[in-house]
Amino acid sequence: EVQLVESGGGSVQAGGSLRLSCAMSGFTSDDHTYDDHAIGWFRQAPGKEREGGSCIDTAEGRTYYADSVKGRVTISTISSDYGKRTVFLQMNNLKPEDTAVHYCAVADYDRPLPVLWNVDHFIKHWGQGIQVTVSS
C-alpha cells in the first residue's frame, strides 16, 4: 500500500520560509514503472479549488512550477530503500495568499508535467494534507 506522509507545515509571517517534506513508501514494481512518476504538491486555499503547485519527475528530474509559486519555491527529491522516496518543497518569500492545505501527490509520468499538474484527476495517490498559514 502506497503511503504519503507530509510534515513541515505551520504558521509564518509574510516573507518567511517553510520546508515541507513528504515521505513516500510502499511503491512496488507493479506501480506503473517504479521509478517513473511525477511527484509533488497541490494546495487548496479556503473557499477555492485545489490547484497544482509544483512537481518533479523521478526518472529525469525535470520540474514544473505553477505561475503562482514560480521563483519562490524549489522542489527536490531523494530516494532511499526500494519503494521509498522523500520529496521536499522549500518555500521562500511566503505570502498570505499561500495560506492553504498543501497535499503531497503522485501521478504516473505518462504525459507532460504541466498537463499532469494542471488538474487533479491524474493523481493516483494523495497525502492527508498539511496546513500552511501565512500572516501579513
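The figures that follow rest on heavy atoms only: side chains count, while hydrogens, waters and symmetry mates do not. Since the structure is predicted, the reported quantities are computational estimates derived from the model, not experimental observations. Quick note: residue numbers are just sequence positions, from 1.
Atom OH of residue Tyr109 and atom CD1 of residue Ile39 lie 12.5 Å apart, to the nearest 0.5 angstrom. Atoms CG and OG1, from Leu89 and Thr77 in turn, are 12.0 Å apart once rounded to the nearest 0.5 Å. Atoms CD and CD, from Glu49 and Gln44 in turn, are 8.5 Å apart once rounded to the nearest 0.5 Å. The OG atom of Ser25 lies 8.5 Å from the CD atom of Glu1; values are rounded to the nearest 0.5 Å. A distance of 5.0 Å separates CZ of Phe88 from OG of Ser21, quoted to the nearest 0.5 Å. Expressed to the nearest 0.5 Å, how far CD of Gln90 lies from OG of Ser54 amounts to 11.5 Å.
In the hydrophobic clustering of ILVMFWY residues, with side-chain heavy atoms under 4.5 Å counting as a link, Val5 and Met24 come out apart. Residues Ile56 and Val2 share a single hydrophobic cluster, defined by chaining ILVMFWY side chains whose heavy atoms lie under 4.5 Å apart.
The two residues Ser136 and Pro96 make their nearest non-hydrogen contact at CB-CG, 3.9 Å. Residues Ala59 and Asp36 share a closest heavy-atom pair of CB-OD1, 3.8 Å. Pairing each heavy atom of Ile75 with each of Gly40, the nearest pair is CD1-CA, 3.7 Å. Considering every non-hydrogen atom in both Val101 and Gly129, the closest pair reads CG1-CA, 3.8 Å. Shown here for Ala107 and Trp117, the closest heavy-atom pair between the two residues is CB-CZ3, 4.1 Å. In this structure, Ala38 and Leu116 approach most closely via the heavy-atom pair CB-CD1, 3.7 Å.
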- Evaluate the criterion side chain to side chain contact (heavy atoms under 4.5 Å, CB included) for residue pair His37 and Asp108; output intermediate values, then yes/no. CA-CA 5 Å; His37 292 96; Asp108 290 335; 3.8 Å; yes
- Query: Where do Phe122 and Val115 land on the side chain to side chain contact (heavy atoms under 4.5 Å, CB included) test, with the steps shown first?
  - Reply: CA-CA 9 Å; Phe122 295 117; Val115 174; 4.0 Å; yes
- Evaluate the criterion side chain to side chain contact (heavy atoms under 4.5 Å, CB included) for residue pair Val106 and Lys124; output intermediate values, then yes/no. CA-CA 6 Å; Val106 179; Lys124 291 183 63 176; 5.6 Å; no
- Message: Could you go through Thr99 and Gln131, starting from their C-alpha distance and side-chain angles, then the distance that decides it, and tell me whether this counts as side chain to side chain contact (heavy atoms under 4.5 Å, CB included)?
- Response: CA-CA 8 Å; Thr99 295; Gln131 180 69 43; 4.0 Å; yes
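Here the side chains of Arg62 and Leu113 are in contact, with some heavy-atom distance below 4.5 Å. With a 4.5 Å cut-off on side-chain heavy atoms, Tyr64 and Asp57 do not count as touching. Under the 4.5 Å side-chain criterion, counting only non-hydrogen atoms from C-beta, Arg85 is not in contact with Ser80. Between Glu6 and Trp41, some side-chain heavy-atom pair lies under the 4.5 Å cut-off. Between Met91 and Val69 there is no side-chain heavy-atom pair separated by less than 4.5 Å. At least one side-chain heavy atom of Cys104 sits under 4.5 Å from a side-chain heavy atom of Val87.
Using bins of under 30°, 30° to 60° and over 60° for the plane-to-plane angle, the ring pair Trp126/Phe42 lands in the perpendicular bin.
Relative to the six-membered ring of Tyr103, Arg43 misses at least one condition, a distance below 6.0 Å or an angle of at most 45° to the axis.
Remark: of the listed residues Ile130, Val132, Val73, Val132 is the sole one forming a side chain to side chain contact (heavy atoms under 4.5 Å, CB included) with Leu18.
A 6.0 Å sphere centred on CD of Gln13 holds no more than 12 heavy atoms belonging to other residues, nucleotides or ligands.
Under a 4.0 Å N-O distance rule, the pair Lys95/Asp98 does not qualify as a salt bridge.
With hydrogens and angles disregarded, a donor-acceptor distance shorter than 3.5 Å links the side chain of His102 to the backbone of Ala100.
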